[in-house]
Amino acid sequence: MAHQPSLISLQWFSILLVCISLFSWTIFAASPDAPLTLDYYKSTCPTVFEIVRKEMECEVNSDPRNAALVLRLHFHDCFVQGCDGSVLLDDTISLQGEKKASANVNSLKGFEIIDRIKNKLESECPGIVSCADILTVAARDAVILVGGPYWDVPVGRKDSKTANYDLVRENIPTANEGLLSIIAKFLYQGLSVTDMVALAGAHTIGMARCENFRARIYGDFGATDSYLRNLKSICPAAISSSGENNVTAMDNVTPNLFDNSFYHTLLRGEGLLSSDQEMYSNVFGIETKKLVRKYADDPLAFFNQFSDSMVKLGNITNSDSFVNGEVRKICRFVNTSK
C-alpha cells in the first residue's frame with residue numbers, strides 16, 4: 001500500500017512553499033528596476049502600439065490560433081535570460097540559437113508574425129523599436145483579440161546579442177514535469193505560485209502535441225469515454241513519426257476564446273497535460289488547488305491576476321542587454337558590426 005503524506009507533513013510543506021516564495025520575491029524585489037516605461041517611444045515612435053495592434057488583428061483574424069503562438073513565444077523568451085528577444089534568433093555560424101532546443105523545436109511557431117510586425121515598424125520608425133518589445137506588446141494584443149483582459153505594457157527593452165540553448169532545457173517547464181519542479185522554475189524567475197497558476201490559464205487557447213499528452217491519455221486520464229476516444233484517435237499509443245506532431249486543443253470547450261474554461265477542465269480531471277492537472281490533483285498542491293477552484297469560480301479574479309502576472313513576466317529583464325544590447329534590424333539576426 002502506497003505511503004500517504006500525513007496532514008502535518010502537508011501543512012509543513014505548504015508553509016515551506018510560502019517561505020520560499022517570499023524569499024524569492026525578496027531577492028528579485030531588491031534588484032534595481034529595469035528602465036521600462038509606458039511612454040518610452042512617445043517621441044521616437046508614437047504609433048508603435050497602434051501598428052502592433054493592427055498587425056495582430058490581421059494575424060488573429062486570419063487564424064485565431066496565432067494568438068496562442070505569439071503568447072507562447074513571449075513566455076519562452078522571458079524564461080530564458082529574460083525578455084530580450086533571444087528566442088527569435090536563428091542559428092548562425094557564430095551563434096547557437098534557442099529554436100532547436102528540445103523544449104522549443106516542435107513547440108514554437110509564429111516567428112514570421114513578429115517578422116512582419118518588425119518590417120512595418122522599421123518602415124515607420126527605423127532602428128527604434130526592439131524585437132523584445134514587439135513580442136511583449138504583441139502577446140498582450142493577442143490575448144485581447146481572443147477575448148482576454150487588457151494590461152499596460154511597459155517598454156524600453158533591448159535585444160540581446162546572445163542566446164542560451166542550454167538554459168532552455170533548464171528553465172522551460174515541460175508537459176510531464178512534476179508540480180514541485182515547475183513551482184521551483186517559476187520561483188527562480190521571481191514569479192509566485194499564484195503567478196504560475198494564473199499564467200497556466202493561457203492554455204485555454206493553447207494546442208498540445210501528441211508527444212506531450214500521450215502518456216497522460218494512456219494513463220490515469222479522467223475524461224469521458226467519447227473525449228478519450230477522440231484524443232486516442234489523434235494520438236495513437238504507438239510512437240510514430242506521423243503521429244507525434246498531431247495537435248489538439250488544451251481547452252476542448254472554447255479553444256479559441258480566452259476565458260476560464262481551462263480551470264474547469266482541471267476540476268473534471270481532464271487537463272490534457274499532466275503538468276497542468278498536477279496543479280489540482282497533486283497531493284502537495286494545497287495552494288494551487290485553491291487557486292484553480294478560485295479561477296474556475298471567478299473569471300474576473302482570473303483576468304485580474306493574469307494581467308498582473310503578465311506584467312511581472314514581461315518585466316523579467318536581462319540586465320546585460322540594457323548595457324550591451326541593441327535594437328535589431330531583423331529579429332532573427334544580431335546586427336552586423338559597422
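Qualifying side-chain contact (heavy atoms from CB on, under 4.5 Å) partners for Val105, counting only residues two or more places apart in sequence or in other chains: none. Partners of Ala296 according to the side-chain contact (heavy atoms from CB on, under 4.5 Å) rule, which considers only residues two or more places apart in sequence or in another chain, are Tyr263, His264, Leu267. In this view, Lys289 satisfies the side chain to side chain donor-acceptor pair (under 3.5 Å) rule with no residue, not counting sequence neighbours. With sequence neighbours left out, the salt bridge (Lys or Arg N to Asp or Glu O under 4.0 Å) criterion links Asp90 to Lys99, Arg332. In terms of the side-chain contact (heavy atoms from CB on, under 4.5 Å) criterion, residue partners of Lys54 (sequence neighbours excluded) are, by chain and number, Glu50. Partners of Arg268 by side chain to side chain donor-acceptor pair (under 3.5 Å), not counting sequence neighbours, listed by chain and number: Glu270. In this structure Arg229 satisfies the side chain to side chain donor-acceptor pair (under 3.5 Å) test with no other residue, sequence neighbours excluded. For Tyr150, the side chain to side chain donor-acceptor pair (under 3.5 Å) partners are Asp152, not counting sequence neighbours.
Using a 4.0 Å cut-off between a side-chain N of Lys or Arg and a carboxylate O of Asp or Glu, Lys120 and Glu124 do not qualify as a salt bridge. Glu244 and Arg214 are joined by a salt bridge, as a carboxylate oxygen and a charged side-chain nitrogen come within less than 4.0 angstrom of each other. Looking at Asp91 and Lys100, a side-chain N of the basic residue comes within less than 4.0 Å of a carboxylate O on the acidic one, giving a salt bridge.
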Name the atoms and distances for all side-chain donor-acceptor pairs under 3.5 Å in residues 271-278, with sequence neighbours left out.
unit_1: Ser275; atom_1: OG; unit_2: Ala175; atom_2: O; d: 3.1
unit_1: Asp276; atom_1: OD1; unit_2: His203; atom_2: ND1; d: 3.2
unit_1: Asp276; atom_1: OD2; unit_2: His203; atom_2: ND1; d: 2.7
unit_1: Gln277; atom_1: OE1; unit_2: Arg216; atom_2: NH2; d: 3.4
unit_1: Gln277; atom_1: OE1; unit_2: Gly271; atom_2: N; d: 2.8
unit_1: Gln277; atom_1: NE2; unit_2: Leu266; atom_2: O; d: 2.9
unit_1: Gln277; atom_1: NE2; unit_2: Ser281; atom_2: OG; d: 2.9
unit_1: Glu278; atom_1: OE1; unit_2: Leu179; atom_2: N; d: 3.0
unit_1: Glu278; atom_1: OE1; unit_2: Asn282; atom_2: ND2; d: 2.9

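Trp151 and Met196 fall within the same hydrophobic cluster, where Ile, Leu, Val, Met, Phe, Trp and Tyr residues are linked whenever their side-chain heavy atoms come under 4.5 Å apart, directly or through other members.
Taking Ile, Leu, Val, Met, Phe, Trp and Tyr as hydrophobic and joining them when side-chain heavy atoms fall under 4.5 Å apart, one finds Val334 in a cluster with Leu89, Leu95. Applying the 4.5 Å side-chain rule to ILVMFWY residues, one finds that Val253 remains a lone member of its cluster. Hydrophobic cluster of Leu257: no remaining members, since no ILVMFWY side chain lies below 4.5 Å from it.
With hydrogens and angles disregarded, no donor-acceptor distance shorter than 3.5 Å links the side chain of Asn164 to the backbone of Glu98. Side-chain N or O atoms of Asp251 include none that pairs as donor or acceptor with a backbone N or O of Gly206 at under 3.5 Å. Put simply, the side chain of Thr288 gets close to the backbone of Gly285: a donor and an acceptor are under 3.5 Å apart. Asp308 places no side-chain N or O within donor-acceptor distance of the main-chain N or O of Gln305, the cut-off being under 3.5 Å. A donor-acceptor contact shorter than 3.5 Å is absent between the side chain of Asp133 and the backbone of Val155.
The six-membered or imidazole ring of Tyr41 lies away from that of Phe49, with a centre-to-centre distance of 6.0 Å or more. The ring of Tyr188 has its center no closer than 6.0 angstrom to the ring center of Phe79.
Using cut-offs of 30° and 60° for the angle between ring planes, the Tyr227 and Phe221 rings count as tilted.
Counted within 6.0 Å of NZ on Lys294, heavy atoms from surrounding residues, nucleotides or ligands total 12 or fewer; the atom is thus considered open. For Lys232, the NZ atom counts as densely surrounded, since its 6.0 Å shell holds more than 12 non-hydrogen atoms of other residues, nucleotides or ligands.
Results of the ring pair (Phe, Tyr, Trp, His ring centres under 6.0 Å) test with Phe306 over Phe258, Tyr295, Phe262 single out Phe258 as the only residue that passes.
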Practice prompt. Using the side chain to side chain donor-acceptor pair (under 3.5 Å) rule, take Thr204 and Asp259 through it: C-alpha gap first, then chi angles, then the decisive distance, then the call.
Written response: CA-CA 7 Å; Thr204 190; Asp259 57 15; 3.0 Å; yes
